[in-house]
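Presented below is the structure to which this report refers.
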Amino acid sequence: MRSTVIDRPIDEVWAVLRDFNGHDRWHPAVAESTIERGQPSDRVGCVRRFRLRDGSELRELLLTLSDADTAYSYCLLDTPVPLFNYVAHVRLAPVTDGNGTFWHWESRFDTPRGRERELADLVGREIYEGGFAALRDHLAAGVTP
């Protein structure tokens with residue numbers, strides 16, 4: 001689990017994050033992404049197939065998406081990293097002391113015995129914390145969805 005505060009209004013942050021297929025435009029680990037079968041990226045049940053910069057390919061399924069709650073959840077279907085039963089939740093909330101956004105990103109997963117800490121650190125640092133920093137830069141650059 002990781003969380004942060006983004007110094008941007010929640011509507012701006014949500015406009016970027018709610019696009020389940022948009023992470024290749026802001027996350028440094030993602031090289032390219034597509035939604036399978038041409039479905040909309042906000043349809044629960046859609047599957048995104050993406051390639052990381054290292055060439056690895058992954059597939060993730062959108063489980064829930066709520067504009068009212070500014071939240072979504074997804075699970076890993078295929079990954080070269082041994083993360084089993086991986087389910088993640090992203091939730092945004094307005095920061096009432098200013099005009100920022102609280103971003104909570106968490107997941108639960110199983111790993112091979114002895115690799116729990118290594119893989120939890122990989123997800124937490126490289127994916128979540130790396131994503132926080134990259135989204136800040138993306139929004140600061142004035143890029144709109």
Indicate yes or no: at least one non-hydrogen side-chain atom of Trp103 is less than 4.5 angstrom from one of Leu92. yes

Where Val5 and Arg136 come nearest, the two heavy atoms and their spacing: O-NH2, 2.9 Å

Side-chain touch His27/Ile127, heavy atoms, less than 4.5 angstrom: yes

In Leu77, Leu62, Ile35, the residue satisfying side-chain contact (heavy atoms from CB on, under 4.5 Å) with Val47 is Leu77

Closest approach of Trp105 and Gly131, non-hydrogen atoms and distance? CZ3-CA, 4.5 Å

Tell me whether Asp121 at atom CG has more than 12 heavy atoms from other residues, nucleotides or ligands lying less than 6.0 Å away. yes

Can you tell if the side chain of Val123 reaches within under 4.5 Å of the side chain of Tyr86, non-hydrogen atoms only? yes

Search all heavy atoms of Gly22 against all heavy atoms of Trp26 and return the closest pair with its distance. O-CD1, 3.2 Å

Pro80 and Leu58 have their tightest heavy-atom pair at CD-CG, 4.1 Å

Using the rule that two of Ile, Leu, Val, Met, Phe, Trp, Tyr join whenever any of their side-chain heavy atoms come within less than 4.5 Å, decide whether Phe84 and Leu63 are in one cluster. no

Are Leu119 and Pro112 side-chain neighbours, meaning at least one heavy-atom pair lies under 4.5 Å? yes

Distance in Å, Phe50 CZ paired with Glu60 CD, rounded so as to fall on 0.5 Å steps: 3.5 Å

Can you classify the ring geometry of Tyr74 versus Tyr72 as parallel (below 30°), tilted (30 to 60°) or perpendicular (above 60°)? tilted

With a 6.0 Å cut-off (strictly less than), is the heavy-atom count around CG of Asp7, excluding the residue itself, greater than 12? no

What's the spacing between Met1 CE and Arg108 CZ if we round to 0.5 Å? 9.5 Å

Joint cluster assignment, Leu17 & Val44, ILVMFWY side-chain distance < 4.5 Å: yes

Path from Ile6 to Ile10 over hydrophobic side-chain contacts below 4.5 Å: yes

Out of curiosity, Asp67 CG to Arg18 CZ, how far, rounded to the nearest 0.5 Å? 4.0 Å

Which value, rounded to the nearest 0.5 Å, describes the distance between Arg59 atom CZ and Arg49 atom CZ? 5.0 Å

Is Trp14 linked to Phe102 within one hydrophobic cluster, defined over Ile, Leu, Val, Met, Phe, Trp and Tyr using a side-chain heavy-atom separation of less than 4.5 Å? no

If every non-hydrogen atom of Cys46 is compared with every non-hydrogen atom of Ser41, which pair is closest and at what distance? SG-O, 3.9 Å

Surrounding CZ of Arg125 (heavy atoms of other residues, nucleotides or ligands, distance under 6.0 Å), is the total greater than 12? no

What distance do Ser73 atom OG and Glu106 atom CD have between them, rounded to the nearest 0.5 Å? 10.5 Å

Scanning both residues in full, the closest heavy-atom pair of Asp24 with Ser33 reads OD2-N, 3.3 Å

Within the 4.5 Å heavy-atom criterion, are Glu116 and Thr111 side-chain neighbours or not? yes

Starting at CG of Asn85, measure out to CG of Asp110 and round the result to the nearest 0.5 Å. 4.5 Å

Donor-acceptor check, side chain of Ser66 to backbone of Ala71, threshold 3.5 angstrom: yes or no? no

Identify which one of His23, Glu36, Gln39 satisfies the side-chain hydrogen bond (donor to acceptor under 3.5 Å, both in side chains) criterion when paired with Arg48. His23

Linking I/L/V/M/F/W/Y whenever their side-chain heavy atoms sit closer than 4.5 Å, directly or via other members, would Leu139 and Val95 fall into one cluster? no

Say whether Tyr128 and Thr4, considering side chains only, have a donor N or O and an acceptor N or O under 3.5 Å apart. no

